[in-house]
Every structure is written in structure tokens, then in C-alpha cells.
Amino acid sequence: MINVTQPSIGAEELAAVGEVFDSKWLGSGPRTQEFEEQFARFLGVPAENVLFLNSATSGLFLTVELLGIGPGDEVVLPSNGFVANANSVVDAGARPVFCDVGDDLNPRVEDVAAVLTPRTRAVVILHYGGYPGEVEKIAALCAERGVALVEDAAVSIASSVHGRMCGTFGDFGVWSLDARKVITTGDGGMLYVRDPETARRARRLAYHGLEDRSSFTTAARSPHLWWSFDIEDVGRRLIGNDITAAIGQVQLGKLAGFVARRREIARRYDAALGDVPGIRIPPPLPDGHASTHYFYWVRFDSTAIRDGVSEDLLARGIYTSYRYYPLHRVRRYGATDAVLPRTDEVSDTALLLPAHQSLLDEEVDRVAREVVRAVEARRDPAA
């Protein structure tokens, strides 16, 4: 089976884990701190503003808590986003308000502005498939309205606009490092918090409300009763550990090569599918925008064709999917009457093709041929 996503891991990651085993320190420790520092340098932000967590979802829930969002508040987000975005809002007792998207499947500034109200506390945007979207304009709008901006950069670890990394335009940024992302730690995520004091509070909340994660640091500061502690905030345990951080350090060193390969795969699909009747490929990136090319999506003339093509490809050993199922269709979020025509159209006609860095050229070419074959058969009334 040719998969939509697939990690690229091997001997170097195993060796790094072996070093952690040899150290006899498996929890959050020196490798975790090093990984946070390296990730912060990659982003171009202070290391103390970056936290390595057990998942990006934990980062989203923590962000909502840090913002003090609760009953009576609204949070604007695109409907074609991951379920964790809406869950974090609903869990706080607030109301998710879904906005529409443009041709790149990202919300445009006018889509966000159309649903802002006096009750809006935050805007959450997803850089769909690695496309940065109108993040600069949306950030300016949020600053003008006094609304927090949260960037779900889960799949956009190397995406940028004019050299500035996605996830650093807003007040908070979250990246996913789960098993299906461009780089992986198995499970894990990074959280960026722009305000230094809020970042310090985030670090406390991510570890039970404690100021220090290890009694060794307390002992170094005070040799008397180093096991004692006090807390200001009641937190949970959301932190990463040295095992997963060691994997992440190796993966981060490979990121540039991974993204270069993904870029080549996207170009190969563009060349093979761009002029085929009945297939629409992703729009070109604007000048100054860089993408991780995490998703490569194609759109068809109808839902019937899309569904038929996906079935044909699966029968031929090619797995496809569509992410993300539109959240305004989920009854639990109470927005099934939302009018989002572009989101509905895309959700009913788009399909994600395999697009991970482990794909061989011949596999990419095979996928493209099978897509063309399936579309031609499904568009033929006699098929």
C-alpha cells in the first residue's frame, strides 16, 4: 500500500534513544531542554518561550486555559481544521464559531472578519497542508481588534512568509510531532508563547503547577529541604521527555532534506496532473511563501467522482483520504446551520494524495497515472 503519510526514521534515531537509555534519565531532562533550544533557534525566537509537550493537542488546550477563555466567549476557527481545535474551545465552555476558506483551503482575512463579534476572544487559524495563507493580514486584524491569534502550525513546521516562520506571527503557536507529521517524536508537540510571563506560566501549568520539573534543580538552589515546594497554579502533566526529545533532535536535523523532497513530489504531481481535464491542483504559493507541502490535494468536478476515484485507487493499492472533515457538520459543536459554501465544496470534492518524503519517483508517477485513469473512467458516462 502506498500511504498518504509515513514517517522517515531509522538507525540514527535508535542510536539517540540508546544514548538516553545509557544516561539512565528518561524523563524531562537535558535532552528535552536541548530540543527546546534547537527548535527555538530554528524558529528564531527565545528558547524560554518554547515548550516541548506530549502533544500539540495539549498545547491547544493549554493555550485556551492561558487565555482564560470560558463560558460566554467565542473563538473563531476554520471548519476544515483538526478536531482538537474545536474540542479545546468546547471543553472550556466557550463557543466555536466557524469561518469559511479560500482556494488554498485557508481562511482569508475577510472570512475571519465576517464572523468576529464583541464576544470573540481568539482566532485560531490552520496553515492548511503547509500553506501559510493570509497569516500576516489576519495577525494585523487580530491586533487591531484586540483579539488573540493562535496558529495551529501542526503540519507547517517549515512553512514561512518572507522568512518568518509560521507559528510565530500570533500570540501562540502549536506544532505537532506525532507519528504522521513531517518530523516525528512518536507523539509530541511544541508550543510557542509570545509573552515571556505567560510562557513561564505555561511551563508551570504543563507540570502540575510546579516551578521546577526536577528536585535536582531545587537541591542545587537550596541544599535544605530540597523536596519542598509550593504552587501558584493548579496544572497537569503535559510535558515531553528525553526519549522523544532525542528522536526529535535527530529528526530536526533532517527537516531541510525532508521538505526539499516533499517540494519535489509536489512539483512532480503538478506536472503530471496540472493539465488533466476534471482535476484541479493546489494553487501556486504566493511570492515569499514557503510550504512544508504536507498535503497534496486535488479537486474533482463532483462528490461522486471524488468518492469513485478514492475507491478505485484503494483497490489498486493506493491509500487516499480527505482531511479535515468539516467541523460545522459535527452536531456536538452546535453549528450545523453555518453557511460555509467554499468549505462545503472543497470537503465534498477534494482528495489527499500520498505526499510523504519516503515516496520514490516511480511511486509518485504511479499514483498520478492511476488518478488520471480513475478520473477518466469516472467521467465517462459509460463507465
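Quick caveat: nothing in here was measured; it's all calculated off a predicted structure.
Scored by the ring-ring contact (aromatic ring centres under 6.0 Å, His included) test, Y269 finds Y296 as partners (sequence neighbours excluded). Looking at residues two or more places apart in sequence or on another chain, you find a side-chain hydrogen bond (donor to acceptor under 3.5 Å, both in side chains) between Y333 and N87.
Other members of the hydrophobic cluster containing L141, listed by chain and number, are V76, V97, V109, V112, V115, L116, V123, I125, V135, I138, V147, L149, V161, F169; membership follows side-chain contacts under 4.5 Å among ILVMFWY residues, whether direct or relayed. Hydrophobic cluster of V17: the remaining members, joined at side-chain heavy-atom separations below 4.5 Å, are V20, F21, L26, I243, I247, listed by chain and number.
With hydrogens and angles left out, the side-chain atoms of D344 and H328 include a donor and acceptor closer than 3.5 Å. Using modelled atom types and a 3.5 Å distance limit, the side chains of Q38 and E34 yield no donor-acceptor pair.
The OG atom of S156 lies 8.0 Å from the CG atom of N106; values are rounded to the nearest 0.5 Å. To the nearest 0.5 Å, atoms CZ (R145) and OG1 (T117) are separated by 10.0 Å. With rounding to the nearest 0.5 Å, the separation of CG in D348 from CZ in R306 is 6.5 Å.
The side chain to side chain donor-acceptor pair (under 3.5 Å) contacts involving residues 8-22 comprise S8-Q357, S8-S358, E12-K254, E13-Q251, E13-K254, E19-R31, where partners must be two or more places apart or lie in separate chains. Legend: ring-ring contact (aromatic ring centres under 6.0 Å, His included) pairs involving residues 111-161, not counting sequence neighbours, sorted by first then second residue: Y128-F295, Y128-W297, Y131-W297.
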- Task: Determine, stepwise, if the pair T343 / N80 fulfils side-chain hydrogen bond (donor to acceptor under 3.5 Å, both in side chains).
- Result: CA-CA 7 Å; T343 299; N80 65 328; 5.0 Å; no
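Checked for salt-bridge contact, R236 and E65 meet the test: a charged N lies under 4.0 Å from a carboxylate O.
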